[in-house]
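Because the structure is a prediction, the values reported are computed rather than measured. Letters go in sequence order (proteins before strands), and every chain restarts at 1.
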Amino acid sequence: MRLTRSFYRTFKEVPKDAQISSHQLMFRTGMIQQLASGIYSYLPLALRSLRKIETIIRDELNQRGCEEVLMPAVLPAALWQESGRWNAYGDLLLRFQDRKGSDYCMGPTHEEAFTDMVRRHLSSWKQLPWNLYQIQDKFRDEFRPRFGLMRGREFIMKDAYSFDLDEQAAAKSYRLMYEAYSAIFTRCGLKFRAVDAAAGEIGGSMSHEFQVLASSGEDVLLSCTSCSYAVNIEKAAVLQKPNPPDKTQFKDMEIVETPGQKTIEEVSQFLGVQPEKFLKSLVYEADSRLVLVLIAGNLDVNEVKLQAVLNASALRLAAPEKVKEAIGAEPGFIGPVNLPPNINIIADFSASSGENWISGANQNDKHTVNINPERDFQVSEFADITFAAAGDTCPECKEGQMEEFRGIEVGHVFYLGTKYSQAMNCLYLDEEGNSKPVEMGCYGIGIGRTMAAAIEQNHDENGIIWPVPLAPWEAIVLPLQMNNETVTAAAEKVYIDLTQAGIETVLDDRNERPGFKFKDADLIGYPVQITLGARSAAEGKAEIKFRASGEKTELPLDDAVNYIIQWIEDKRQTA
RNA sequence: CGGAAUGUAGCCCAGUGGCCAGGGCACCUGCUUUGGGAGCAGGAGAUCGGAGGUUCGAGUCCUCCCAUUCCGACCA
């Protein structure tokens with residue numbers, strides 16, 4: 001590609017909206033343009049990189065017996081009603097009607113669509129296993145789109161679905177996809193970790209996230225210093241050190257006045273007692289029933305864990321009015337003692353150690369002190385519902401300590417079981433003629449996000465430093481003086497030789513000053529720059545600069561071309 | 001969903017109710033220059049987000065709408 005002919009534009013300044021490096025650099029290099037909140041156009045440079053990621057994904061999946069299909073982006077409500085997610089998916093689902101008033105949505109994910117496609121095809125156990133995937137636009141009406149392609153509303157996703165006879169076969173499919181994902185991100189040239197994850201709304205029991213390591217990542221991960229275990233902090237188990245209450249230490253319960261003191265911090269200061277002696281009491285609404293959640297005052301409730309413990313499909317803190325109505329006191333003065341009998345109490349393990357707790361009295365402006373489980377209130381279940389933290393003991397090997405780092409979730413694999421196949425009658429006949437629901441798994445990769453993560457992980461103050469496998473172009477030829485025929489002829493030769501050797505090469509044939517071309521080349525992040533200047537061209541030489549290392553060498557033209565071909569081919573393989 | 005801010009040329013930003021709305025980057029023409037986003041001169045480019053209102057006069061004040069961004073969405 002000659003830049004004089006290219007739809008190409010770079011910028012020195014960035015819009016104030018762009019907060020993180022990858023967004024700023026994608027804007028400055030003219031890779032993307034925002035059309036609406038969370039909705040972007042992909043310009044040529046971006047699309048070339050996206051296509052490379054897609055090619056790597058297709059290659060690794062096809063090698064493992066997966067087949068590509070393409071489902072509609074617009075999905076009928078009926079399918080989503082069948083699985084129960086038309087309501088459960090909430091406001092993230094972009095819904096609309098056609099001229100007849102029928103309900104549709106933009107697909108945010110395609111479990112229903114694939115399950116429907118497969119059930120029309122599937123009859124016998126002999127047909128399985130299947131693993132089908134697509135690369136397609138998804139739409140999720142995010143609460144807060146941000147960070148450019150990192151959290152857009154419309155985005156490109158590869159989603160795959162496996163269909164197996166039984167749990168054992170499904171586990172095999174899961175492992176195969178886990179391996180495929182590891183191969184894919186390795187080939188992309190990214191530093192990543194596969195971490196144990198919470199399954200969330202999509203359902204299912206086994207799940208791993210593939211996280212690209214980057215300090216700007218939205219996810220917090222914990223990794224063991226001695227074994228290979230890594231886990232999302234949302235799921236990380238907290239090992240308990242049991243310290244059962246000593247009943248002989250129990251004091252008499254009293255009610256104290258705490259006018260206007262609502263938060264743990266306020267009451268703690270007011271009474272002069274440490275926060276860890278409080279039982280934080282939170283009222284949650286889980287699928288429209290109310291639950292009181294207890295946890296030591298210095299800890300926070302992990303809602304992901306809580307939702308799993310309650311087996312609820314929707315969970316949120318109850319609105320203050322609901323709390324008032326059900327309990328008769330405002331949030332801030334809620335506690336486990338003298339609770340209406342229809343409200344169950346779930347407590348974190350932290351509430352099972354020690355004695356003489358302080359909590360709200362279920363009367364405004366009053367707290368109870370010296371309360372104790374069993375004697376003063378009944379907990380229906382103790383569970384691990386708090387956050388792990390750096391420094392905790394590893395819950396797997398129980399030896400190492402957990403250390404914290406940040407990641408960008410670029411891939412996710414789930415074992416689904418029969419959640420969708422049962423709801424949607426995706427059945428087959430086994431060898432005995434019994435009708436059985438198919439075992440499913442689903443597997444996603446955010447393609448735009450992978451590209452953004454690659455930039456996030458590989459840039460400096462001058463611009464992007466593309467890993468060769470994802471670089472939109474592999475090399476750029478920079479003739480420094482366009483009015484010098486020796487220079488332009490040499491540049492032309494290098495450009496043609498590289499292109500004919502299959503190196504994806506750009507020729508900067510614009511009549512610009514050298515500094516301008518260098519800045520642009522560094523910004524775009526071509527892995528290799530080949531400079532032809534008046535001096536070197538007169539000697540029949542070219543200068544090579546590698547973007548990643550900054551290393552420079554000068555070689556005769558033909559040697560330079562061969563050297564680059566070698567170098568690029570090598571980097572394409574090993575990543 | 002709640003709160004706040006912003007909206008002026010492709011991008012970044014100025015602009016007390018008062019003449020023809022400014023600057024930087026980018027763009028066009030000419031000269032000059034050619035190893036790290038050059039310089040000089042000239043030039044084009046704006047229904048000031050939209051609608052309504054107040055006023056002799058509105059980019060500026062008021063109302064409504066639209067859009068974008070930020071913070072929050074209840075840890076009691």
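- Whole-Å rounding puts the A:Arg146 CZ to B:rG72 P distance at 9 Å.
- For B:rU47 and B:rU32, the C1' atoms lie 39 Å apart once the distance is rounded to whole Å.
- The partner of B:rA73 is absent, by the rule that a Watson-Crick or G-U pair needs both atom distances under 3.5 Å.
- Note on A:Ile334: nothing from the nucleic acid sits closer than 4.0 angstrom, heavy atoms only.
- Between the side chains of A:Tyr8 and A:Asp520, at least one donor-acceptor pair of N or O atoms lies under 3.5 Å.
- If A:Val301 and A:Gly515 are placed on RNA chain B by their nearest nucleotide, the residue sitting closer to the 5' end is A:Gly515.
- Side-chain N/O atoms of A:Arg28 and base N/O atoms of B:rG37 include a donor-acceptor pair closer than 3.5 Å.
- Here B:rG37 is the nucleotide among B:rG35, B:rG37, B:rC11 with the atom lying nearest to any side-chain atom of A:Leu523.
- Stacking of A:Arg547 on the aromatic ring of A:Trp466 is not recorded, the 6.0 Å distance cut-off and the 45° axial limit not both being met.
- Judged by Watson-Crick or G-U wobble contacts below 3.5 Å, the nucleotide B:rA38 has no partner.
- Here the P atom of nucleotide B:rA38 and the CG atom of A:Asn511 are 13 Å apart, to the nearest Å.
- The same atom, P, is picked in B:rG2 and in B:rA73; the two are 15 Å apart, to the nearest Å.
- With A:Phe27 as the partner, the ring-ring contact (aromatic ring centres under 6.0 Å, His included) test is satisfied by one option alone out of A:Phe11, A:Phe147, A:Tyr40: A:Phe11.
- For A:Thr531, counting side-chain heavy atoms from C-beta on, the closest listed nucleotide (B:rG37, B:rG35, B:rC75) is B:rG35.
- Ring pair A:Phe349/A:Phe382 is parallel by interplanar angle, where below 30° counts as parallel and above 60° as perpendicular.
- Taking the P atoms as reference points, B:rU34 lies 45 Å from B:rC48, given to the whole Å.
- Comparing B:rA9 with B:rG15, their C1' atoms are spaced 15 Å from each other, to the whole Å.
- When both pairing distances are held under 3.5 Å, B:rG45 makes no Watson-Crick or G-U pair with any nucleotide shown.
- Taking a 6.0 Å sphere around CG of A:Asp252, one finds it holds 12 or fewer heavy atoms contributed by other residues, nucleotides or ligands.
- Here the separation of B:rC62 from B:rG17, taken at their P atoms, is 11 Å to the nearest Å.
- Ring geometry for A:His367 versus A:Phe278: interplanar angle over 60°, hence perpendicular rather than tilted (30 to 60°).
- Comparing the P positions of B:rA58 and B:rG42 gives an interatomic distance of 34 Å, to the nearest angstrom.
- Not a single donor-acceptor pair, N or O on each side, falls under 3.5 Å between the base of B:rG37 and the side chain of A:Glu512.
- Nucleic acid contact class of A:Asn484 (heavy atoms, under 4.0 Å, all strands): none.
- Across B:rG35, B:rC11, B:rU68, the shortest atom-to-atom separation from the side chain of A:Leu480 is found for B:rG35.
- Atom NZ of A:Lys12 is separated from atom P of B:rA38 by 6 Å (rounded to the nearest Å).
- Rounded to a whole angstrom, the distance from the P atom of B:rG10 to that of B:rG35 is 34 Å.
- Enclosure of atom CD in A:Gln97 by more than 12 non-hydrogen atoms of other residues, nucleotides or ligands within 6.0 angstrom is indicated.
- Within the 4.0 angstrom heavy-atom criterion, only backbone atoms of the sugar-phosphate kind lie near A:Lys262; the bases stay farther away.
- Closest approach to the A:Glu13 side chain among B:rG35, B:rG24, B:rC75 is made by B:rG24 (side chain taken as heavy atoms from C-beta onward).
- You'll find that the side chain of A:Asp520 is closest to B:rG37, out of B:rC75, B:rG37, B:rC11.
- Side chain of A:Lys545, nearest nucleotide from B:rG35, B:rC75, B:rG36: B:rG36.
- The number of heavy atoms from other shown groups lying within 6.0 Å of CD (A:Glu381) is above 12.
- Where stacking is scored as ring centres under 5.5 Å apart with planes under 30°, A:Phe518 registers as stacked on the base of B:rG36.
- As the counterpart of B:rA67, B:rU6 is assigned, both hydrogen-bonding distances of the Watson-Crick or G-U wobble pattern falling under 3.5 Å.
- Between A:Glu543 atom CD and B:rG35 atom C1' there is a gap of 8 Å when expressed in whole angstrom units.
- When Watson-Crick and G-U wobble pairs are counted only if both distances are under 3.5 Å, B:rA26 pairs with no nucleotide at all.
- The minimum heavy-atom distance linking A:Asp384 with A:Val238 is given by the pair OD2-N, 3.0 Å.
- Rounded to an integer number of Å, the gap from CG of A:Leu532 to P of B:rU34 is 19 Å.
- OP1 and OP2 of B:rA67 both lie 4.0 Å or more from every side-chain N or O belonging to A:Ser37.
- At a threshold of 4.0 angstrom between heavy atoms, the contacts of A:Ser359 with the nucleic acid are absent.
- Atom-to-atom, OH of A:Tyr284 to P of B:rA73 comes out at 12 Å; the value is rounded to the nearest Å.
- Where A:Ile295 and A:Gln481 meet RNA chain B, the nucleotide closest to each residue was compared, and A:Gln481 sits on the side nearer the 5' end.
- For the C1' atoms, the distance from B:rC64 to B:rC56 is 26 Å, rounded to whole Å.
- The CG-C1' distance, from A:Leu35 to B:rU68, rounds to 13 Å in whole Å.
- At the phosphate of B:rC11, neither OP1 nor OP2 sits under 4.0 Å from any side-chain N or O atom of A:Gln33.
- The nucleotide whose nearest atom lies closest to any side-chain atom of A:Gln34 is, among B:rU68, B:rG35, B:rC75, B:rU68.
- In this structure, A:Asp91 reaches neither bases nor backbone, as no heavy-atom distance under 4.0 Å exists between it and the strands shown.
- Nucleic acid contact for A:Val14: sugar-phosphate only, since backbone atoms but no base atoms lie under 4.0 Å from a heavy atom of the residue.
- Phosphate contact (OP1/OP2 of B:rU33, side-chain N/O of A:Arg513, threshold under 4.0 Å): absent.
- Separating the CD atom of A:Gln19 from the C1' atom of B:rC70 is a distance of 8 Å, rounded to the nearest angstrom.
- Pairing for B:rA58 is absent, judged as Watson-Crick or G-U wobble with the two contacts each under 3.5 Å.
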